[in-house]
Amino acid sequence: MSVATQRTPRHTTRGVVFIHGAPTALCPHVTWAIEAVLDQRIALDWIPQPILPRTVRTELSWTAAVGTGAELASALRGWEGLRYEVTEDPTAVSDGARWSYTPSLGIHHTMTSVNGDAVIQEDRLRDAMIRVRGDAAALQDEIDLLLGVPWDDELEPFRYAGDGAPVRWLHKVG
């Protein structure tokens, strides 16, 4: 594992890129996209994804500047057949976050607490309450969307299929 020798950023965080499913033809492109964001070479261990034939999965833990999670999620967004999640841990100066992506739903972003729970910002919750105008069932649907429930429902089988997958740690300074 290599460590860049650049100046240490003021605030760093950690996170994980979970590629839950990727067509094998995308693997080099996914690797290149992550390398471009992290500004260093990486080697990913691709293993078969048993839930979906002809796809593979991998995980990469990273340490880099606050905001890297958003850059990684954006770099991977929109590729045909790719399913992924990117997490970024909270720091003293930033909230935690999770980005989930599926081909059918697109991308979802949520803030996360220290223990990983999804957090709904009060303005988003108030807006949802205004939109539903007292309809309790509609409010539940809005809250589910804010929490990313449809993304979790779609990705959950892929998460379990990857239990026991190897994790590679990558640290970036600079």
Side-chain angles (χ1 to χ4, degrees), residues 1-9 11-91 94-112 114-118 148 150-174:
M1 160 176 12
S2 65
V3 176
T5 58
Q6 300 170 345
R7 183 172 57 91
T8 303
H11 299 285
T12 60
T13 187
R14 300 174 68 148
V16 182
V17 176
F18 299 95
I19 305 298
H20 294 299
T24 54
L26 276 185
C27 294
H29 302 282
V30 168
T31 301
W32 297 329
I34 294 171
E35 287 177 339
V37 171
L38 297 176
D39 194 29
Q40 70 181 110
R41 306 259 313 139
I42 61 170
L44 296 173
D45 296 322
W46 296 97
I47 60 173
Q49 172 53 276
I51 197 85
L52 189 62
R54 295 182 302 281
T55 64
V56 291
R57 59 168 286 109
T58 193
E59 298 178 11
L60 175 74
S61 294
W62 54 268
T63 300
V66 169
T68 300
E71 292 178 39
L72 288 164
S74 294
L76 298 172
R77 185 177 176 182
W79 287 350
E80 185 68 31
L82 186 64
R83 288 168 176 79
Y84 68 86
E85 289 178 280
V86 176
T87 66
E88 181 169 307
D89 291 346
T91 70
S94 65
D95 295 316
R98 182 178 70 220
W99 295 264
S100 304
Y101 181 86
T102 72
S104 63
L105 297 171
I107 198 161
H108 179 267
H109 170 258
T110 191
M111 294 172 54
T112 57
V114 173
N115 67 347
D117 287 343
W151 287 264
D152 284 340
D153 289 347
E154 189 169 324
L155 290 172
E156 197 64 21
F158 290 88
R159 292 175 185 142
Y160 281 118
D163 280 351
V167 176
R168 178 177 300 267
W169 286 91
L170 180 70
H171 301 279
K172 178 187 176 194
V173 180

Practice task
With sequence neighbours excluded, tell me which residues meet side chain to side chain donor-acceptor pair (under 3.5 Å) with Asp95.
Solution key: none
With rounding to the nearest 0.5 Å, note down the distance linking [atom1] in [X] to [atom2] in [Y].
X	Y	atom1	atom2	answer
Ile19	Leu60	CD1	CG	9.0 Å
Asp89	Thr63	CG	OG1	8.5 Å
Thr24	Arg54	OG1	CZ	9.5 Å
Ile34	Asp39	CD1	CG	14.0 Å
Cys27	Leu44	SG	CG	8.5 Å
Phe158	Phe18	CZ	CZ	15.5 Å

Practice task
Could you pull out all residues at least two apart from Trp46 that satisfy ring pair (Phe, Tyr, Trp, His ring centres under 6.0 Å)?
Solution key: none
Between [X] and [Y], which heavy-atom pair has the shortest distance, and what is it?
X	Y	result
Gly81	Pro23	O-CD, 3.5 Å
Ser100	Leu155	CB-CD1, 3.9 Å
Thr112	Ala97	OG1-N, 3.1 Å
Ala75	Ala33	O-CB, 4.0 Å
Ser104	Glu154	OG-OE1, 2.7 Å
Pro157	Ile51	CB-CD1, 3.9 Å

Using atom types as modelled and distance alone, determine if a side-chain donor or acceptor of [X] lies under 3.5 Å from a backbone N or O of [Y].
X	Y	answer
Gln49	His20	yes
Thr87	Val16	yes
Glu35	Ile42	yes
Ser74	Glu71	no
Trp62	Thr13	no
Tyr84	Ala73	yes

Exercise for the section: Go through Trp79 and Val30 one step at a time and tell me if the side-chain contact (heavy atoms from CB on, under 4.5 Å) criterion holds. Expected result: CA-CA 9 Å; Trp79 287 350; Val30 168; 3.5 Å; yes
Exercise for the section: Return each pair, listed once, that meets salt bridge (Lys or Arg N to Asp or Glu O under 4.0 Å) where at least one residue sits in residues 76-86; pairs must be two or more places apart or across chains. Expected result: Glu85-Arg98, Glu85-Arg159
Exercise for the section: Any chance you could lay out the side-chain contact (heavy atoms from CB on, under 4.5 Å) test for Ser94 and His11, step after step, and finish with the verdict? Expected result: CA-CA 9 Å; Ser94 65; His11 299 285; over 6 Å; no
Practice task
Using a 4.5 Å cut-off on heavy atoms from C-beta on, say whether the side chain of Glu88 contacts that of Val66.
Solution key: yes
Fill in the blank from the handout: Exactly one candidate in Leu76, Val17, Thr68, Val86 meets side chain to side chain contact (heavy atoms under 4.5 Å, CB included) with Val37; the answer is Thr68
